[in-house]
Amino acid sequence: MTADTTTVAPPATASGPLETALWAAYARVYDNLLHLTGYRRLLDAVADVAAVDTGHHVVEVGCGTGNVLQRLARHRPATLLGIDGSGPMLTRARRKLRRGPVPTQLRQDDVVAGLAALPAGSVDRLVAVNVLYALHDRDAFWREARRVLRPTGSVVVSHTDRPGSWPLITEHVHAVGPRALAHVGLVAVALVDALIDTAARSGTWEFCDYPTLSEEAGRHGFAAEYRGRCYGGDVEGVNFLACYRPR
Ligand SMILES: C[S@@+](CC[C@H](N)C(=O)[O-])C[C@H]1O[C@@H](n2cnc3c(N)ncnc32)[C@H](O)[C@@H]1O
């Protein structure tokens, strides 16, 4: 089974040059996260909350290198569509998803513009894992999400109230011991994280907590359901997993 990979030119609302460079750098090291128990737990938890059924139309925005799509494909949805603004991220996703088992379309586009191109009421599951902080207009995201979802559909969101993968890495070090830090790939992830931290501090991105995100979603007709945390150890906040259904 091959991934159908349509590429369209990123529109004006897509990431600026700094963000484009950041995501390109992250693409080179991103899959090192697969070594981390917290990230693997996250993939499983997202699949649990999404509860994808045979025949579902599933869209992941900010699909990156395709790890979430690959995990969701095990549930045999009818179609999978991944939207991401980063060419280097999608190159990796394309390689990974080429072998199926579900036909997967990958589209290079801005999240909001990519959703705007979909027909109303056509999506059963909309998945957004660790990407909403990077959107410049989250209201536009929620508006489009509400439009494309079927009445029985849901938006599954993993989000974090602070930048970087550091909570994931420290949790892993607690579990595995300091030798975990000797992993070259994880050091590279930590370096890219430092850049992401800078983007957050400069106000380019906004990391928000569960009540804030849910209030935004509520303004667009979504009821929120908190589904716990996937990583972050004993630290309050950090990651949260939530499901948003049309009211
Ligand atoms: C931290 S990665 C998450 C990847 C994937 N969801 C996962 O959890 O493995 C965030 C992804 O969102 C994409 N992204 C960020 N802002 C975007 C935007 N406005 N439009 C499209 N993609 C965007 C980036 O290119 C990157 O691949």
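Note that the numbering runs from 1 along the sequence shown for the chain. Indexing begins at 1, ligand by ligand and atom by atom, following the structure's order.
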Exercise for the section: Check ligand 1 against Gly85 and write out every atom of the ligand that is under 4.0 Å from a heavy-atom position of the residue. Expected result: 21 (C), 22 (N)

Practice task
Report yes if Tyr39 has an N/O atom closer than 3.5 Å to an N/O atom of ligand 1; otherwise report no.
Solution key: yes

Practice task
Determine, using heavy atoms of Glu60 and all atoms of ligand 1, whether some pair is separated by less than 4.0 Å.
Solution key: yes

Problem - Part of Val131 within contact of ligand 1 (heavy atoms, under 4.0 Å) - result: side chain

Exercise for the section: Flag yes if more than 12 heavy atoms outside Arg28 fall under 6.0 Å of its CZ atom; otherwise flag no. Expected result: no

Handout entry: Shortest reach to atom 8 (O) of ligand 1 by a heavy atom, considering only Val112, Val111, Asp110, Val129
Key = Val129

Practice task
Check each of Tyr133, Tyr26, Tyr30, Trp23 against atom 7 (C) of ligand 1 and report the one with the nearest heavy atom.
Solution key: Tyr30

Practice task
Take every heavy atom of Asp109, measure it against each atom of ligand 1, and state whether any distance is under 4.0 Å.
Solution key: yes

Practice task
Please state which part of Phe141 comes within less than 4.0 Å of ligand 1, counting heavy atoms only: side chain, backbone, both or neither.
Solution key: neither

Exercise for the section: Could you tell me whether the side chain of His136 reaches within less than 4.5 Å of the side chain of Val112, counting heavy atoms only? Expected result: no

Problem - Proximal ligand 1 atoms for Cys63, defined as those under 4.0 Å from one of its heavy atoms - result: 5 (C)

Practice task
Nearest 0.5 Å please: distance from the CG atom of Leu90 over to the SG atom of Cys63.
Solution key: 5.0 Å

Problem - Pair Asn130-Thr160, side chain to side chain donor-acceptor pair (under 3.5 Å): steps then yes or no - result: CA-CA 7 Å; Asn130 296 350; Thr160 168; over 6 Å; no

Handout entry: Check: Gly62 N/O within less than 3.5 Å of ligand 1 N/O
Key = yes

Practice task
Going by the salt bridge (charged side-chain N to carboxylate O under 4.0 Å, His left out) test, name the single residue among Arg95, Arg92, Lys96, Arg40 that passes it with Asp31.
Solution key: Lys96

Practice task
State whether Asp48 and Arg227 are salt-bridged, where the test is any N-O pair (Lys NZ or Arg NE/NH1/NH2 against Asp/Glu carboxylate O) under 4.0 Å.
Solution key: no

Exercise for the section: Start with the C-alpha distance between Leu213 and Tyr244, add both sets of side-chain angles, then the distance that settles side-chain contact (heavy atoms from CB on, under 4.5 Å), and finish with yes or no. Expected result: CA-CA 10 Å; Leu213 198 69; Tyr244 296 93; 3.8 Å; yes

Exercise for the section: Using modelled atom types only, decide if a donor and an acceptor are shared between the side chain of Tyr210 and the backbone of Ala242 within a distance under 3.5 Å. Expected result: no

Practice task
May I ask whether Trp205 has any heavy atom positioned less than 4.0 angstrom from an atom of ligand 1?
Solution key: no

Fill in the blank from the handout: Note: Ala27, heavy atoms under 4.0 Å from ligand 1, region reported as neither

Problem - Polar contact flag for Asp84 and ligand 1 (N/O pairs, less than 3.5 Å) - result: yes

Exercise for the section: Kindly indicate whether the side chain of Glu60, heavy atoms from C-beta on, has any atom under 4.5 Å from the side chain of Val129. Expected result: yes

Practice task
Would you check if Phe141 and His220 make a side-chain contact, meaning some heavy-atom pair closer than 4.5 Å?
Solution key: no

Practice task
Under 4.0 Å from a heavy atom of Ser86: give me the atoms of ligand 1 that qualify, with their elements.
Solution key: 25 (O)

Problem - Atom indices of ligand 1 within 4.0 angstrom of Leu135 heavy atoms, with elements - result: 18 (C), 19 (N)

Fill in the blank from the handout: Near Gly64 (heavy-atom distance under 4.0 Å), the atoms of ligand 1 are 4 (C), 27 (O)

Problem - Side-chain touch Cys208/Arg138, heavy atoms, less than 4.5 angstrom - result: yes

Exercise for the section: Show which atoms of ligand 1 fall inside a sub-4.0 Å distance from at least one heavy-atom site of Ala134. Expected result: 15 (C), 16 (N)

